[in-house]
Amino acid sequence: MIKITVCDKGSDKLAKPNKVLIELRRKRGESQKTAAKNIGITQSMLAMLETGDRRGSDATKMAIANYYGVSVEHIFFGSNITKRDKEDK
């Protein structure tokens, strides 16, 4: 008899890449390592943010937005922010 174990990580959805974050870094012509160092995070953290495997803390999101000179919303929320969400703030 073969026993099969299923690992549930809370979601069967694949992570969605953060295309905005990737594009901002590429426009500067930087590697992940260089961008991460300049932002003040590790290269692995930046890689996971780009692939969507991590969300990042508010402080990390703000550091990235400040580095690229754009809003946190633009990088991390994009079109997911509705008019109602903006009015609630």
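All of these numbers come straight from a predicted model, not from anything done at the bench.
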- Task: Walk me through it: do T60 and I39 pass the test side chain to side chain contact (heavy atoms under 4.5 Å, CB included)?
- Result: CA-CA 9 Å; T60 297; I39 294 166; 5.9 Å; no
- Query: Rounded to the nearest 0.5 Å, how far apart are CG of D53 and NZ of K16?
  - Reply: 14.5 Å
- Give a yes or no on whether V70 and L49 share a hydrophobic cluster (residues Ile, Leu, Val, Met, Phe, Trp, Tyr; joining criterion: side-chain heavy atoms under 4.5 Å apart). yes
- Item | CZ on R26 to NZ on K19, rounded to 0.5 Å | 11.0 Å
- Should K61 and I75 count as side-chain neighbours, where that means a heavy-atom distance under 4.5 Å? no
- What heavy-atom pair brings E30 and A35 nearest, and what distance separates the two atoms? OE1-CB, 3.5 Å
- Report yes if some heavy atom in the side chain of L24 is under 4.5 Å from a heavy atom in the side chain of I64; otherwise report no. no
- N18 side chain to F76 backbone, donor-acceptor under 3.5 Å: no
- Can you list the residues that meet the side-chain contact (heavy atoms from CB on, under 4.5 Å) rule with R55, with sequence neighbours excluded? none
- Note on the structure: OH (Y68) and CZ (R28) are apart, to the nearest 0.5 Å, by 6.5 Å
- Pairing residues for K33 by the side-chain contact (heavy atoms from CB on, under 4.5 Å) criterion, not counting sequence neighbours: S31, Q43
- Set of residues satisfying side-chain contact (heavy atoms from CB on, under 4.5 Å) with respect to N66, sequence neighbours excluded: none
- Query: Which heavy-atom pair separates Q32 from L46 by the least distance, and what is that distance?
  - Reply: O-CD2, 3.5 Å
- Query: Taking atom CD1 of I22 and atom NZ of K27, what is their separation to the nearest 0.5 Å?
  - Reply: 13.0 Å
- Scanning both residues in full, the closest heavy-atom pair of A65 with S71 reads CB-C, 3.9 Å
